[in-house]
Each structure stands twice: as C-alpha cells, then as structure tokens.
Protein chains: 2
Amino acid sequence: MFKLSKKADYGLIAVKHLAMHREQHACSAGEIAEEYGISATLMAKVLQKLAHHSLVAAKHGSSGGYQLIKDPGQISTLDVISAIDGPVLITSCVTNHGNCDATEKCSVREPLRRVNESILEVLGSVTISQLSEEPHEQALVALRT
Amino acid sequence: MFKLSKKADYGLIAVKHLAMHREQHACSAGEIAEEYGISATLMAKVLQKLAHHSLVAAKHGSSGGYQLIKDPGQISTLDVISAIDGPVLITSCVTNHGNCDATEKCSVREPLRRVNESILEVLGSVTISQLSEEPHEQALVALRT
DNA sequence: AGTATATACGACTGAATCGGTCGCAGATAG
DNA sequence: CTATCTGCGACCGATTCAGTCGTATATACT
C-alpha cells in the first residue's frame with residue numbers, strides 16, 4: 001500500500017489541535033483523545049513520540065498536558081509523520097542491504113529515489129497552519145517537466 | 001510507514017524490462033525473474049496483475065510471455081503501482097466508513113486529501129520511459145506556494 | 001503530607017497485511 | 001502430444017500495526 005499509518009494520522013490531528021489551542025492551557029492526551037473518539041492511552045503514546053522528537057513539550061502532573069514548541073507555520077506534515085513512523089522511504093530496498101545493490105541490473109532504484117525526494121518535498125512544504133486554511137482549488141505543486 | 005510494496009517494486013522492474021525489450025519477443029516471467037534474482041512464480045503473479053489491468057499483454061503457450069500494450073511514455077509509475085497495490089490513498093480513513101466521517105471535528109482530512117492528490121500527480125507524471133533517462137539534478141516538481 | 005491527575009515507558013496481544021510458495025488447469029508452438 | 005508458458009486460487013510463515021495494560025514518576029491543589 002501507500003498510506004500513512006493511523007498513528008501518524010492521529011499525530012497530525014493532535015498537532016493541529018494543539019495548534020488551534022496554542023497559548024492557552026496545555027492539552028492533556030485524554031482531552032484530545034476524547035474530542036476525536038480515540039483511545040486516550042494510544043493518543044498519549046503518539047504524543048510521547050512527538051515529544052521525543054521535540055515537536056511538543058510535555059508537562060507532567062495535574063492540569064498538565066502537551067503544548068507546541070515551534071510555531072504551527074514552522075512544523076511540516078513531514079515532521080510529524082517522520083517523527084511517528086520513522087523516515088519516509090519509498091524504496092524498500094534501502095533497508096535490504098546487499099540484495100538490490102548486488103544486482104546492478106536494477107536500474108529502477110535511482111529514479112525512484114528522485115520520486116521519493118519529490119514526495120518529501122510535497123510533505124515538507126505543507127505546514128500545520130496550512131492544514132487549517134481554506135482549500136485552494138489549485139494543486140499544491142506544479143509539475144516541472 | 002510510507003513505502004511502496006515489494007510487489008509494486010517488482011512490477012516497476014518488470015515493466016521497465018519490457019519497455020527495454022519492446023518490439024522484440026515476448027518476455028516470460030521466468031526470464032525476467034532470473035535476470036533480477038526474483039522468484040519466478042512471484043514475478044508471474046505480479047505480471048498477472050499488470051495484465052489484468054491491461055498494462056501488459058499475456059501470450060500463452062510455448063515461447064510465450066508478456067509484452068507491453070501501451071507506449072512506455074504513456075505508462076506512469078502510478079499506473080503500475082495502483083495496478084498492483086490498489087488505489088493510492090494517503091488517508092486511511094477513506095476505507096473506514098462512518099468512523100472518521102462521524103466525527104466532523106476531524107478537519108485534517110480534507111487538507112490531507114489535497115496532499116494525496118499532489119503525490120498522485122507526482123507519481124502520475126513520471127513515465128516508464130523516464131525511468132531510463134539520465135538523472136536530472138533538479139527536483140521533479142516545483143512547489144507552488 | 002497526601003491525593004488526584006498527568007506523563008513516561010516498555011511489555012504484551014490480537015489482527016491484518018505482506019512476501020512468497022505450491023498445485024492444478026488452460027493455451028499454444030513445435 | 002508433449003513441453004512450455006500463463007492463469008488462478010489456496011495456502012503458509014513472518015512481519016507489522018493498532019491498541020491495551022501495568023507501573024513508575026512528576027506536578028498541582030488541598
């Protein structure tokens with residue numbers, strides 16, 4: 001397949017929620033989870049990963065929760081996705097050491113890597129603050145032949 | 001994660017191989033598989049899917065094999081990938097009926113759908129014949145703010 | 001101090017998916 | 001009529017994923 005995981009999905013939801021409630025109180029994982037009908041423990045896990053990658057700050061204790069560290073305009077969807085799911089690699093052979101590299105006939109790798117970079121560029125260009133904007137009818141990218 | 005499956009990978013390899021040997025004899029699944037060190041039965045399975053989506057033509061019997069139907073410049077990587085792995089959907093909630101749609105608070109769907117379309121555009125713009133070209137140092141897409 | 005409420009972290013489980021194999025049927029060239 | 005090839009579906013093992021649970025720890029409020 002080619003879809004992002006549910007956890008990354010939840011991560012985007014959480015970050016967007018935090019962006020909307022920025023500068024207010026810190027939002028707890030349970031608070032966010034309840035609003036979107038997601039398990040509280042699972043949401044906590046997702047937020048922990050985001051905190052571990054310094055996207056959000058965790059505040060312990062009563063009336064604690066999570067808060068955005070960076071500006072919503074400075075956080076890209078790629079940041080969130082890669083924080084939760086790890087690096088985005090379209091080519092599956094990067095992890096297989098020596099297998100694909102051994103067969104040098106496989107000339108499909110390099111062009112795919114370029115496609116991968118294009119996708120990274122798309123994901124990296126969409127910020128969290130843009131997730132709240134009005135949907136433009138135009139496409140997000142223009143293809144360069 | 002966010003990578004394409006090995007089968008889609010093999011599919012791209014196979015289509016590229018067929019593109020290079022176009023107008024020659026039909027290539028059997030075993031022939032292609034052996035060249036790249038892939039299981040013959042698995043490659044056959046991949047090619048069957050491609051044939052089912054009218055990307056390649058299957059020729060039965062002795063000295064049979066597969067041949068490209070369309071021009072390599074008319075086949076996009078998206079065609080191959082979606083033929084094997086199904087439609088490319090970045091949002092996992094499209095398949096979950098009623099779950100995400102019920103909670104209308106989830107305002108992250110629509111922007112993600114636009115990102116998805118951008119990715120589709122990237123994949124759809126890269127043709128099989130372009131897989132053989134020289135790697136350009138420039139990116140494949142220009143971001144439009 | 002003590003309690004309620006949060007996060008932090010890791011182990012665990014059940015389900016789904018994926019990569020890959022096998023066997024058999026049908027078509028075709030020689 | 002036989003060898004070779006596709007077509008198809010069932011099948012299996014491994015991996016990954018979504019989600020849960022238990023426990024430790026930090027903080028606010030009383």
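Numbered from 1 within each chain, the chains take letters A, B, ... in sequence-line order. Only heavy atoms go into these numbers, but all of them, side chains included; no hydrogens, no water, no symmetry mates. Note that the structure is predicted; figures quoted are calculated from it, not measured.
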Requested in this report: For A:Asp9 and D:dC17, give me the distance from atom CG to atom P, rounded to whole Å.
Outcome: 14 Å
Query raised in the report: Below 4.5 Å, heavy atoms only, C-beta onward: do A:Pro72 and A:Leu68 meet side chain to side chain?
Result: yes
Query raised in the report: How about A:Leu112 and B:Asp9: do any of their side-chain heavy atoms sit closer than 4.5 Å?
Result: yes
Report summary line: Here the distance between atom P of C:dT21 and atom CE of B:Met43, to the nearest Å, is 12 Å
Query raised in the report: Can you check the B:Ile84 CD1 to C:dT17 P distance for me, whole Å?
Result: 18 Å
Query raised in the report: Does the B:Lys49 side chain pair with the main chain of B:Ile84, one donor and one acceptor, at a distance under 3.5 Å?
Result: yes
Query raised in the report: Checking only heavy atoms, does the side chain of A:Lys45 share a donor-acceptor pair with the base of D:dT20 at less than 3.5 Å?
Result: yes
Report task. Send over the distance from A:Lys7 NZ to D:dT20 P, rounded to a whole Å. Result -> 11 Å
Query raised in the report: When you match A:Ser39 and B:Ala51 each to their closest nucleotide on DNA chain D, which lands nearer the 5' end?
Result: B:Ala51
Query - Atom pair distance, as rounded to whole Å: NZ in B:Lys3 and P in C:dG19 - result: 8 Å
Query raised in the report: Considering only heavy atoms, which members of residues 74-82 of chain B lie under 4.0 Å from some atom of DNA chain D?
Result: none
Query raised in the report: Between B:His25 (NE2) and D:dT6 (P), how many Å, whole number?
Result: 11 Å
**Report entry** B:Leu42 vs B:Lys7 side-chain heavy atoms within contact, under 4.5 Å
**Finding:** yes
Query raised in the report: Are B:Arg114 and B:Glu117 ion-paired here, with the side-chain N under 4.0 Å from a carboxylate O?
Result: no
Might you list the N or O atoms of the protein lying below 3.5 Å from N or O atoms in nucleotides 3-7 of chain C, with each pair's distance?
{"unit_1": "C:dT5", "atom_1": "O2", "unit_2": "A:Ser62", "atom_2": "N", "d": "3.3"}
{"unit_1": "C:dA6", "atom_1": "O4'", "unit_2": "A:Gly61", "atom_2": "O", "d": "2.7"}
{"unit_1": "C:dT7", "atom_1": "OP1", "unit_2": "A:Ala29", "atom_2": "N", "d": "2.6"}

Query raised in the report: Any idea which heavy atoms bring B:Ala57 and B:Ile69 closest together, and the distance?
Result: N-CG1, 3.6 Å
Query - Whether B:His17 side chain and B:Ile13 backbone form a donor-acceptor pair below 3.5 Å - result: no
Requested in this report: Measure the NZ-CD1 distance between A:Lys16 and A:Ile128 for me, rounded to the nearest 0.5 Å.
Outcome: 9.0 Å
Report task. Starting from P on D:dC17, measure out to NZ on A:Lys6 and report it in whole angstrom. Result -> 14 Å
Query raised in the report: When the distance from CD1 of B:Ile13 to P of C:dG19 is rounded to whole Å, what number comes out?
Result: 13 Å
Query raised in the report: Hey, is the side chain of B:Tyr10 poking within less than 4.0 Å of OP1 or OP2 on C:dG19, counting only N and O atoms?
Result: no
Report task. State whether the side chain of A:Ser76 and the backbone N or O of A:Val126 hold a donor-acceptor pair below 3.5 Å, judged by distance alone. Result -> no
